Amino acid sequence: MPDQNARHPDDDLTLPAPRAGGIAARAAAALRPASAPDYFQGLNPEQREAVETLDGPLLVLAGAGTGKTRVLTTRIAHILALGKARPFEILSVTFTNKAAREMRERVGKLLGEAAEGMQWLGTFHSIGTRILRRHAELAGLSSSFTILDTDDQIRLLKQVLSAENIDDKRWPARQLAFAIDGWKNRALAPKDVPAGEAQSFAAGRGAELYAIYQARLRQLNAVDFGDLLLEPIRLFREHPDVLEQYHRRFKYMLVDEYQDTNVAQYLWLRLLAKGSSNLACVGDDDQSIYGWRGAEVENILRFEKDFPGAKVVRLERNYRSTGHILNAASHLIAHNQGRLGKTLRPQTELGEKVTVAGAWDSGEEARQIGDEIESLQTKGHKLDEIAILVRASFQMREFEERFITLGLPYRVVGGPRFYERAEIRDALAYLRVVASPADGLAFERIYNTPKRGLGDAALKQIVDLSRAEEVPLLEAARRLLDGPDLKPKPRSTLKELVQSFDRWSALIDKIPHTALAEQVLEESGYTDMWTKDRSAEAQGRLENLKELVRSMEPFENLRGFLEHVSLVMDADRGPGEDAVTIMTLHAAKGLEYDTVFLPGWEEGLFPHQRSLDESGRAGLEEERRLAYVGVTRARRRAKVWFASNRRIHGMWQSSLPSRFLDELPEADVDVIEAPATFGGGSGGMGGSYGASRFDRAEPFKSTYDTPGWRRAQENRGPASPGPGARRSGPMTIEGELVASSTAKSAGFGKGARVFHQKFGNGTVVEVDGNKLTVAFDKAGHKRVVDSFVKAA
DNA sequence: GTATCCTCGATTTTT
DNA sequence: TCGAGGATAC
């Protein structure tokens, strides 16, 4: 999506552009029929209520697959059709560019060109940028400020650390970046950082370094992502007249995925909502899975308190998935305590039960899933409608390898994205310097790429001069050429580089930006560098560079393109051939597939041990929400898998089925006994020791035959706890843990000698229900399920 | 400036 | 176990 900023001339806040008003008026006329407007067609009563409740704060609790986007877009159409506001008077915020793009498209379908006038539809960050550019001087910036990405941020922090004589081995820049991000997420300026936290970096210098970093940003006329939220907040607080302008401007405000907002975003919204108070937030507390990067579920849980008189509408009719899938998901998520309470109601038949199956190890898990996909394919299912959702990306590899063997087309979502590739970042760095010669970080990135013999020594001279004279790096380089300090060789190379940049910069308004980009890449020797490179990726990198130039075409100029890139960092990739999708659960939020495979439901992996260790119960609940997100991606088939052995950090570990399996309702789940392909796999393992397939089925069965499991069945109860009912968690998590670990044991006592297929012989040192701690003679202490060992 | 050795860490990720 | 990234040696 080309950024709107690039296309729309800056409008004046106080004088609405008449052109846009015309569009709105036409849209309104087109949409205003005699009776109920067409766009209400097919909305259920709750959705309609959410659309029609226009005045005052509104929270729409939209469960998975309940038509959330539809409500948002129809609401916009309704506001415009009633003439309550013009397109540019609606603030509509999303989290990702993808969501913003989709929203714009769908509004476009409803309204046609009126969607074009929606200048304030975008991500928190893009809207923040827009606001900040308008009032840059009030924030000590010029309106052409650059936006640093994570890489630039780290580079700058490294500079700060070295200038402050802090050993960056002991106190890595990454760690400081992480801390600063955390503070910014919570809208803390350097002076607001709690003393205790500042203490945690570089012997108490955390807040001080943060302050120095901020000062450096200002010097560079740059902001980081956090500033795009923080600076507008500061602006609004310190300049009530500015805030007032936006209050007048935004008649209606809509926020998507409200459960993902962090403190800064929340404050930002609160300030703006002091105007009209027509703030509609849509979200689902049960799908809050980004706590680890600053999202505060509390924001959504507290909505009614924060915005007095708020109306809450629950969307619970799910049009996506069949009954068993929804029942399973609802029952699972009901184990969480901190939630607003909401149960998905199926609108169609029960369909297929959710299946749960176990595999001996992760390799077998991948083989079985691969086989199942092939069989679905023979039955005529499209691969595009099949997804494998994993907890952690290392799980993907096994599937990829298997699918390559099978010749099964797949696509991996995630991974290094287009704009993060080294060659793209290098090319962009060149263009950034051309567009804004003061961009020191970009200059630093490419001043010796391709290698031109400018080493650290020359760089240090430039940096020192830049500091001493308080000028940008490029300017410092220029001055250095006039002085006596440079050796002849670097002098001539540097001179050529500086002159090249002067030449390119002069061309900015003279030739098309795509042609300029090509010229820069050519003359700088950058393309050459890859042409000469004999490595395997070089060809692909050259392709990427061409793709980059192509992607610049829709933009008016270089500046517009760079703005887009700094915020978007994401390139559309075409649909391509029919293929299975492999991605993380996090990446799957908002998507849906007919068939969803959910491998790796094992304790330690899912829920992830680290999440439990770091965040305790809150961590567990977020993991459970992730499981809920996973299951609710499925329209017709959800297939959960676990493996009893998995290689973690290169070492085989035996694993126990996830507690989340215990939390699925038996009535909606089929436990699959693995087909008899045991031992028929790759590698030398398996098969030879004559184990029966029940070796695998058994631990699973025993897990199910627990008091916790039975209690879970009894607690299934009616599907809906009723609006507003806060389910206090029908069963305690601790209870279930104890329950599943007090399952009947296969009868090994302390001191018994046992044999395990992977770990060999050992002695039982502890018995905890059906889980044994065994001191293996060779493999050390391990926890295993009793049915995996035999009496030795 | 580049090759090789070694050490460390190993969920999730957007802007 | 394996890979990236930094440090060291040439």
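The chains referred to below are lettered A, B, ... by the order of the sequence lines, with proteins before strands, and numbering in each begins at 1. Because the structure is a prediction, the values reported are computed rather than measured.
Judged as a salt bridge (charged side-chain N to carboxylate O under 4.0 Å, His left out), and not counting sequence neighbours, A:E298 has no contacts. By the salt bridge (charged side-chain N to carboxylate O under 4.0 Å, His left out) test, A:R155 is found to be paired with A:D152, residues two or more places apart in sequence or in another chain being considered. Checked against salt bridge (charged side-chain N to carboxylate O under 4.0 Å, His left out), A:E365 has the following partners two or more places apart in sequence or in another chain: A:R646. In terms of the side-chain contact (heavy atoms from CB on, under 4.5 Å) criterion, residue partners of A:P172 (sequence neighbours excluded) are, by chain and number, A:Q175.
The aromatic rings of A:Y210 and A:W183 sit parallel to each other, their planes meeting at less than 30°, with 60° as the upper class boundary.
Taking atom CG on A:D227 and atom P on B:dT15, their separation rounds to 18 Å, with Å as the unit. With rounding to whole Å, A:R174 atom CZ is found 13 Å from C:dG6 atom C1'.
Between B:dT12 and C:dG5, the distance separating the two P atoms is 15 Å to the nearest Å. For the C1' atom pair drawn from C:dC2 and B:dT13, the interatomic distance equals 23 Å after rounding to whole Å.
Within the 4.0 angstrom heavy-atom criterion, no nucleotide atom of any strand lies near A:K489. Looking at heavy-atom distances under 4.0 Å, A:G453 makes contact with sugar-phosphate atoms alone, never a base.
Legend: ring pair (Phe, Tyr, Trp, His ring centres under 6.0 Å) pairs involving residues 607-632 of chain A, not counting sequence neighbours: none detected.
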* nucleotides 6-14 of chain B: protein proximity per nucleotide (B base, S sugar-phosphate only, - neither; heavy atom, under 4.0 Å) -> ----BBBBB
